[in-house]
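Structure first, then comments.
Just so it is clear, the values below take in all heavy atoms, side chains as well, and ignore hydrogens, waters and symmetry mates. Chain naming here is simple, since letters A, B, ... match the order of the sequence lines and numbering starts at 1 in each.
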4 protein chains.
Amino acid sequence: MLVIMKRERIESPAVETRAPGRPRSEEAHDAILGAAVALIREVGYDAVTMEGIAAKAGVGKATVYRRWKEKETLVIEAIGRIVAAIPIPDTGGAEGDLMALMRAALGMYADPASGLLLSGLVAAMARSERIAHAVRTGFDATWRAAVRQVLERAVARGELRAGLDIRLATDVIGGPLFYRYLMSGGPVDEPLAREIVSILLRAFAREGGG
Amino acid sequence: MLVIMKRERIESPAVETRAPGRPRSEEAHDAILGAAVALIREVGYDAVTMEGIAAKAGVGKATVYRRWKEKETLVIEAIGRIVAAIPIPDTGGAEGDLMALMRAALGMYADPASGLLLSGLVAAMARSERIAHAVRTGFDATWRAAVRQVLERAVARGELRAGLDIRLATDVIGGPLFYRYLMSGGPVDEPLAREIVSILLRAFAREGGG
Amino acid sequence: MLVIMKRERIESPAVETRAPGRPRSEEAHDAILGAAVALIREVGYDAVTMEGIAAKAGVGKATVYRRWKEKETLVIEAIGRIVAAIPIPDTGGAEGDLMALMRAALGMYADPASGLLLSGLVAAMARSERIAHAVRTGFDATWRAAVRQVLERAVARGELRAGLDIRLATDVIGGPLFYRYLMSGGPVDEPLAREIVSILLRAFAREGGG
Amino acid sequence: MLVIMKRERIESPAVETRAPGRPRSEEAHDAILGAAVALIREVGYDAVTMEGIAAKAGVGKATVYRRWKEKETLVIEAIGRIVAAIPIPDTGGAEGDLMALMRAALGMYADPASGLLLSGLVAAMARSERIAHAVRTGFDATWRAAVRQVLERAVARGELRAGLDIRLATDVIGGPLFYRYLMSGGPVDEPLAREIVSILLRAFAREGGG
DNA sequence: TCCTAAGCGAGACGGTACGTCCAGTCTTCGT
DNA sequence: ACGAAGACTGGACGTACCGTCTCGCTTAGGA
């Protein structure tokens, strides 16, 4: 699952030594990243062009290339910007916590821009190991961390059995939504979320429990 | 989940009525697809060009564009050639049947071409409703039909509870593999498959059953 | 000078005839030539395509190529169709005859289609000696013959001097209109015609004449 | 009549204000025109391709298209390079001056490239008002200005009658050569020039003069 | 205060591929 | 044995980007 989060700069010039000459403009930097994010959401990954980004940012192409050696590098960083902080819920129970997480995910899928973003991302990941890595250590990791924390708390409370495979559980929670959204085209909604949480709870309930 | 089938042409001329004029050359068609497959293997997905494909196939560019409106469509179909069909298993038990299905899926994910195929497909689907429809009624529907048949048989045998949501079950079976393969990057292997089947069987077991 | 006729007869439907499987080759022939003429007038020589001609004639490309080996050959023949019989005037005097000829020419220049036709023709002549020959022995020759006859009659009547260079006189009559129309862009009208006739009469008046 | 002049750029960027950005390369410009001229000579007008020109000039296609919107415009300008300027003669007499002008024109017609140049120009003018205007205010105007000056001097000297229609005289001088060269195919030579000058002098001689 | 290095927006540069359009040829079917 | 339809190879067209390279200018810090 991915829920987009806040991420810091991936590529940056070494700023340790004081460079001579005019310093790089922080404004231009932000404008470029902002334009890239906007274009990725608007037209999708493939249709984004460096010229379009530069134009939208009101910046010369050279200014873009001075900071990012190639399109891929910039897009990776831009993708990192498309983040939502995902609050880790604490409702006191596993079901409540998981549903809160699910609702955050549903919110993302409900955004019409997400289809292009997600699919473009997936295509880019398949083509570039660097992009794949950026996405995995970026917003996917954030989601997984949130799920992990919720699950561990549930284990600690005795709601779920100790030793459950957290990675597996995470994929079971997020996978069906992802698959439905991108491939099979069914509704990605609250009932689906509820069913999945229910399946998970049943499957990983404390032994001898429920 | 999708397991690629025969050769469900995405772009195809209406073949209902006998067309006048010279029919399209099956040789040219095969040569183009063959050249595309060869080039994808040689230089990789991104570096494939329509001009290169036409040249390697010994064919005019117009002949390529007559069949595939755009590069993406052709490349997707070419990659689809690499992947194989899925037989509907009948081992006599739900677990055996589901694992057989899973192994077919694992086989596809194990093919290095699949990442490109799947991600290209996903990106194309997000861009084009036509492609999305073709994939959903083609590749994906085939997989879903196989799963449905296996599940219905299990219900008939009393292994699974009547009235289970087959669409949901299908997404729960296929989603985690798809998600792991394209997004989170974990292993898509036999243990994962076994766990998922196990979760499903537990979640949808006949009520009161063991 | 060339004088182009207003020739209709572009369409050749007339499908009333029952075809027992015998060639209607003459119809196709005429339809092709008619379509070629129409297209030359409509869009100019360069923009004419064999496909356009075949389509407009309601004929397959092969049918066109069966009769004319290449575009040039067809266009040559089509151009030959765009000729008008130019009536040789006989007003009883050189000035009247020449002005009658002039008015025929002015009529052609007044037709808006003539600009494209003429310029296309000129370009085609420069490119192809065969086309040049066709044009020169086709409608240019018709014009020259008319002028010649008028001038010879005038000589016979004693209005113009014997031994005048008829070719020169013809070029002096036709050249300025042609040049103005195609190059300098001035008006090609009655006053111009009158002046030219007047110059010619003065220049070639019988020696010792008025 | 036209005698091609200096280098009256047909397509040119607005040069009034200092443009931002990298200025266009004069080297590239010359290389393109040079390559175009060379190819026209080598393979002929029709067979010239923009790709060939760009390749021979060692230049990207975009660099060519940035300067000339279409093939025709470039080729016309390239051909214009082949032809030289026309000096305004001053021999002291109308006949001498006019014959000097005529000889300049004959020189142009004698150049084998001129047929292609002229016909291409004419075709382009018929297709494009912009090109027509450029040619009329460029090439053609230069010739007309020279003729005008010669004629006005002759009027001032009393050799030709006051109030003669200069535009008419210019067309009568240039038209027959142009027509003969492009259409009727007769010789464009000194005798023709001499006859035309003679006709003109007779037709526009000072009244009562001899 | 001026010098120098590097920044800036703008846009041209050489390339490569795109998707379209014809020329002239070939192939199928129907009449 | 035609003729209509339309596919075939080949190759130029004009466009759009890529990543690089000037241009004339601005913005600092250090001399």
Side-chain angles (χ1 to χ4, degrees), chain A residues 18-25 27-28 47-55 57-71, chain B residues 13 18-25 27-29 47-55 57-71, chain C residues 18-25 27-28 47-52 54-55 57-72, chain D residues 13 18-25 27-29 47-55 57-71:
Chain A
R18 181 60 50 84
R22 178 175 176 176
R24 292 191 181 168
S25 151
E27 281 177 34
V48 171
T49 68
M50 289 302 250
E51 300 202 330
I53 292 171
V59 139
K61 279 170 67 177
T63 301
V64 179
Y65 279 102
R66 205 171 286 121
R67 290 169 164 74
W68 295 274
K69 200 183 145 9
E70 57 209 351
K71 186 179 169 179
Chain B
R18 178 64 48 85
R22 178 175 176 176
R24 293 193 180 166
S25 153
E27 281 178 33
H29 201 101
V48 172
T49 68
M50 291 300 251
E51 302 200 329
I53 291 170
V59 139
K61 279 170 68 177
T63 300
V64 179
Y65 280 104
R66 206 172 284 122
R67 292 168 162 73
W68 295 274
K69 204 187 139 12
E70 48 193 10
K71 181 182 168 178
Chain C
R18 61 214 77 112
R22 273 310 170 196
R24 42 180 271 205
S25 81
E27 274 179 39
V48 171
T49 68
M50 290 301 251
E51 301 200 330
V59 138
K61 279 169 66 178
T63 303
V64 179
Y65 280 103
R66 202 172 289 124
R67 290 157 205 287
W68 294 274
K69 197 182 147 7
E70 59 211 349
K71 186 179 170 181
E72 184 176 87
Chain D
R18 179 64 47 86
R22 179 173 175 176
R24 294 192 179 166
S25 153
E27 280 177 34
H29 200 102
V48 171
T49 68
M50 291 299 251
E51 301 200 330
I53 291 171
V59 139
K61 277 170 70 176
T63 300
V64 179
Y65 280 103
R66 207 171 284 124
R67 292 169 162 74
W68 295 275
K69 203 186 141 12
E70 49 195 10
K71 181 181 170 179

Check your understanding: Looking at CE of M50(C) and CH2 of W68(C), how far apart are the two atoms once the value is rounded to the nearest 0.5 Å?
Key -> 8.5 Å
Point to revise | Euclidean distance, atom CZ of residue R22(B) to atom C1' of dT27(E) [Å, nearest integer] | key: 5 Å
Check your understanding: Taking it one step at a time, do R24(D) and H29(D) satisfy side chain to side chain contact (heavy atoms under 4.5 Å, CB included)?
Key -> CA-CA 8 Å; R24(D) 294 192 179 166; H29(D) 200 102; over 6 Å; no
**Study point:** Greater than 12 external heavy atoms within 6.0 Å of E70(C)'s CD
**Key:** yes
Review point. For the pair made of CZ in R24(A) and C1' in dA5(E), what is the distance, rounded to whole Å?
Key: 13 Å
Check your understanding: Can you name the residues that form a side-chain hydrogen bond (donor to acceptor under 3.5 Å, both in side chains) with K71(B), not counting sequence neighbours?
Key -> none
**Study point:** T63(C)/R66(C) under side chain to side chain contact (heavy atoms under 4.5 Å, CB included): CA gap, chis, key distance, verdict
**Key:** CA-CA 5 Å; T63(C) 303; R66(C) 202 172 289 124; 3.8 Å; yes
Practice item. Write down the atom of R67(D), the atom of S25(D), and the distance for their closest heavy-atom approach. Key: NH2-O, 2.8 Å
**Study point:** Summary of protein contacts for nucleotides 15-21 of chain E, nucleotide by nucleotide, where a base hit scores B, a sugar-phosphate-only hit scores S (4.0 Å, heavy atoms)
**Key:** B-SBBBB
Exercise for review: Answer yes or no: does a side-chain N or O of T63(C) lie under 4.0 Å from OP1 or OP2 of dA4(F)?
Suggested key: yes
Exercise for review: For P20(D) and for A57(B), find the nucleotide of DNA chain F with the closest heavy atom, then tell me which residue's nucleotide is more 5'.
Suggested key: A57(B)
